[in-house]
> 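My structure is below; once you've seen it, I'll send some questions.
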Amino acid sequence: GSNSLAECLVFGREAGLHAATHGQKNAADKKTPDDIKKLADAENERIEALMKQNGGENAYHLTKDLQVTMEESAGIIRGEKPLREALEKIPDLRDRTKKIGLKNKQKVFNQELTAKLELDGMLNLAETVLLSAINRTESRGAHFREDYPHRDDQNFLIHQMASMQNGRINIEKQPVTITRWQPAERNY
């Protein structure tokens with residue numbers, strides 16, 4: 001974790017490439033052509049349903065509401081109360097996305113549809129960030145908890161792994177494998 005945009009871009013890319021390689025090697029994630037067709041069909045059905053959805057909500061306004069929520073509650077300096085308050089807002093935002101009515105009914109170059117699909121992903125990511133931040137009752141890197149200002153290697157020298165199970169985000173802990181550099185607290 002870092003506050004540097006350059007580090008975020010460089011190491012975000014590296015993490016993404018590593019995750020893709022890991023996913024390709026993991027036998028549990030291997031899909032048959034039939035599996036892929038079923039997934040594609042399900043996604044097409046989801047998009048068809050979105051195209052028929054009616055309502056007065058706007059994906060751009062909901063995205064702004066989510067941005068404000070996350071900026072106010074899950075910035076670099078965090079606390080349990082604001083994190084929990086933000087987490088409580090996520091279901092309402094999800095419900096409101098069901099009331100987005102797309103004016104553009106085209107499937108090609110449809111920015112409204114793209115905004116809606118991106119918003120769904122952002123809501124999943126926001127919930128993951130909030131759950132992870134609430135679970136990590138310590139401060140480390142770019143995660144600073146006002147209510148837990150010290151680093152806790154005994155309990156939190158871990159990776160938090162998020163997965164979607166039955167429509168819910170699940171956070172699991174995995175141990176960190178120490179290789180070349182021993183962890184040390186940053187002192188400035």
> Transitively linked via ILVMFWY side-chain contacts under 4.5 Å: M164 with I171?
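Per the 4.5 Å side-chain linkage, M164 and I171 are co-clustered.
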> Apply side-chain contact (heavy atoms from CB on, under 4.5 Å) to the pair I158 and Q174, showing each step before the final yes or no.
CA-CA 6 Å; I158 57 165; Q174 288 187 355; over 6 Å; no
> Measure the CG-CG distance between L125 and L66 for me, rounded to the nearest 0.5 Å.
9.0 Å
> What are the two closest heavy atoms between G79 and P82, and how far apart are they?
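Distance-wise, the nearest heavy atoms are O-CD, 3.2 Å.
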> Do you know which two heavy atoms are closest between Q165 and S163, and how far apart they sit?
NE2-OG, 3.3 Å
> Write down the atom of I76, the atom of A142, and the distance for their closest heavy-atom approach.
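In this case the closest contact between I76 and A142 is CG2-O, 3.4 Å.
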> Is a donor from one side chain sitting under 3.5 angstrom from an acceptor on the other, for N124 and R94?
yes
> Find the distance between CE (M122) and CG (L62) and round it off to the nearest 0.5 Å.
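With rounding to 0.5 Å, CE (M122) is 10.0 Å from CG (L62).
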> Before giving the answer on side-chain contact (heavy atoms from CB on, under 4.5 Å), spell out for R151 and F156 the whole-Å C-alpha distance, their side-chain angles and the decisive distance to 0.1 Å.
CA-CA 8 Å; R151 182 175 158 152; F156 290 103; over 6 Å; no
> Any donor-acceptor pair under 3.5 Å linking the side-chain atoms of E172 with those of N170?
yes
> Does atom NZ of K52 have more than 12 heavy-atom neighbours, drawn from other residues, nucleotides or ligands, at distances under 6.0 Å?
no
> Would E88 and R84 pass as an ion pair if we require N to O under 4.0 Å?
no
> Ion pair present between D65 and K89, side-chain N to carboxylate O less than 4.0 angstrom?
no
> I'd like to know if the side chain of Q53 reaches the main chain of I100, judged simply by a donor and an acceptor atom lying under 3.5 Å from each other, with no hydrogens or angles considered.
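Checking the backbone N and O of I100 against the side chain of Q53, a donor-acceptor pair under 3.5 Å is found.
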> Charged N to carboxylate O below 4.0 Å: is that the case for R145 and E138?
no
> Are R136 and H143 linked by a side-chain donor-acceptor pair shorter than 3.5 Å?
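No - no donor-acceptor pair under 3.5 Å links their side chains.
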> Supply the atom-to-atom distance R46 CZ to L50 CG, rounded to the nearest 0.5 angstrom.
6.0 Å
> Indicate whether any N or O donor in one side chain lies under 3.5 Å from an N or O acceptor in the other, for D41 and N44.
no
> Minimum heavy-atom separation for Y148 and S139, please, with both atom names.
O-OG, 2.7 Å
> First locate atom CG of L87, then atom CD of E85, and finally report the distance between them rounded to the nearest 0.5 Å.
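Those atoms lie 11.0 Å apart.
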> Looking at K116 and E112, does any basic side-chain N land under 4.0 Å from a carboxylate oxygen?
no
> For N135 and S132, which I'm curious about, is there any donor-acceptor pair between the side chains at under 3.5 Å?
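S132 and N135 do not have a side-chain donor-acceptor pair below 3.5 Å.
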> Salt bridge between K38 and D34, side-chain N to carboxylate O under 4.0 Å?
no
> Is Y60 atom OH crowded by more than 12 heavy atoms from other residues, nucleotides or ligands, each under 6.0 Å away?
yes
> Are L123 and L119 close enough, and set up right, to give a side-chain contact (heavy atoms from CB on, under 4.5 Å), and what steps lead you there?
CA-CA 6 Å; L123 284 165; L119 177 58; 4.2 Å; yes
> Measure across Q106 and M51 and return the closest heavy-atom pair with its distance rounded to 0.1 Å.
O-CE, 3.2 Å
> Quick one: CD on E80 to CG on D147, what's the gap to the nearest 0.5 Å?
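Here the rounded value is 6.0 Å.
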> Can you see which heavy atom on S73 is nearest to which on L83, and at what distance?
O-CD2, 3.5 Å
> Could you go through N104 and Q111, starting from their C-alpha distance and side-chain angles, then the distance that decides it, and tell me whether this counts as side-chain contact (heavy atoms from CB on, under 4.5 Å)?
CA-CA 8 Å; N104 183 349; Q111 291 182 336; over 6 Å; no
> From T69 OG1 over to L93 CG, what is the distance, rounded to the nearest 0.5 angstrom?
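With rounding to 0.5 Å, OG1 (T69) is 6.0 Å from CG (L93).
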> Is the closest side-chain heavy-atom distance between D152 and T137 below 4.5 Å?
no
